[in-house]
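Residue numbers count from 1 along this sequence.
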Amino acid sequence: STDKLSESVILEVVTKNFKDHLILGEEGGLIGDSLSEYLWCIDPLDGTTNFAHGYPSFSVSIGVLFRGKPAAATVVEFCGGPMCWNTRTISASSGKGAYCNGQKIHVSPTEKVEQSLLVTGFGYEHDDAWLTNINLFKEFTDVSR
């Protein structure tokens with residue numbers, strides 16, 4: 001229910017301000033003008049499993065494509081826990097770089113997997129795609145840090 005409520009609030013803002021855009025919501029699917037050059041992609045509760053288990057790391061993720069290419073995105077991460085909630089906002093726009101809480105961020109300068117630290121999360125549906133991802137991650141963790 002939290003996913004759906006979050007998405008409804010986001011949809012209200014996007015549809016009010018961008019009436020002729022197409023929107024893909026994780027919960028509600030496609031809505032809006034299918035001929036639009038803009039496509040909004042919304043994950044209203046990224047980290048649902050963490051949220052459902054009270055693990056304090058989840059976010060809201062929103063991105064927009066223009067003519068099929070990324071134009072802008074933002075992620076608001078909620079972390080900490082009930083006694084010390086904190087957020088961090090990561091945003092990026094095409095040609096202007098990425099920022100975390102207003103400070104410019106960069107990709108890691110590490111060029112080799114052998115010197116990289118890998119972090120991921122896996123979904124709760126244990127289907128073929130999940131198994132493929134687990135096997136690929138094992139291969140990478142065998143050679144990375």
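- Using modelled atom types, one side-chain atom of Asn101 and one backbone atom of Thr89 make a donor-acceptor pair closer than 3.5 Å.
- Leu11 and Leu65 sit in two unconnected hydrophobic clusters of ILVMFWY residues. Membership requires side-chain heavy atoms under 4.5 Å apart, directly or through other members.
- Taking each heavy atom of Ser59 and Ser61 in turn, the nearest pair found is OG-OG, 3.8 Å.
- Closest approach of Lys19 to Lys16, counting heavy atoms only: NZ-O, 2.8 Å.
- Between the Thr110 side chain and the Ser116 main chain, no donor and acceptor come within less than 3.5 Å of each other.
- With Ile23 as reference, Ile31 is the one residue of Leu30, Val64, Asp33, Ile31 to meet the side-chain contact (heavy atoms from CB on, under 4.5 Å) rule.
- Using a cutoff of 4.0 Å between basic side-chain nitrogens and carboxylate oxygens, Glu37 and Arg67 are scored as salt-bridged.
- Side-chain heavy atoms closer than 4.5 Å link hydrophobic residues (I, L, V, M, F, W, Y) into clusters, and following such links, even through other members, never connects Trp40 to Val75.
- Considering only residues two or more places apart in sequence or on other chains, Phe78 meets the ring pair (Phe, Tyr, Trp, His ring centres under 6.0 Å) condition with Phe58.
- A continuous path of Ile, Leu, Val, Met, Phe, Trp and Tyr side chains, each step under 4.5 Å between heavy atoms, connects Val143 with Ile134, placing both in one hydrophobic cluster.
- Sorted by first and then second residue, the salt bridge (Lys or Arg N to Asp or Glu O under 4.0 Å) pairs involving residues 110-124 (not counting sequence neighbours) form an empty list.
- Among residues two or more places apart in sequence or in another chain, the ring pair (Phe, Tyr, Trp, His ring centres under 6.0 Å) test is passed with Phe66 by Tyr38.
- Side-chain N or O atoms of Thr74 include none that pairs as donor or acceptor with a backbone N or O of Ser91 at under 3.5 Å.
- Other residues, nucleotides and ligands contribute only 12 or fewer heavy atoms inside 6.0 Å of the NZ atom of Lys138.
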Might you work through the salt bridge (charged side-chain N to carboxylate O under 4.0 Å, His left out) test for Glu77 and Arg88, ending with a clear yes or no?
CA-CA 5 Å; Glu77 181 185 20; Arg88 82 179 160 170; 2.6 Å; yes

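- Atom CG of Asp128 sits in a sparse spot, with 12 or fewer heavy atoms from other residues, nucleotides or ligands closer than 6.0 Å.
- Closest non-hydrogen pair, Gly97 versus Lys104, comes out as CA-NZ, 3.3 Å.
- Residue-environment remark: CZ (Phe137) exceeds the threshold of 12 foreign heavy atoms within 6.0 Å.
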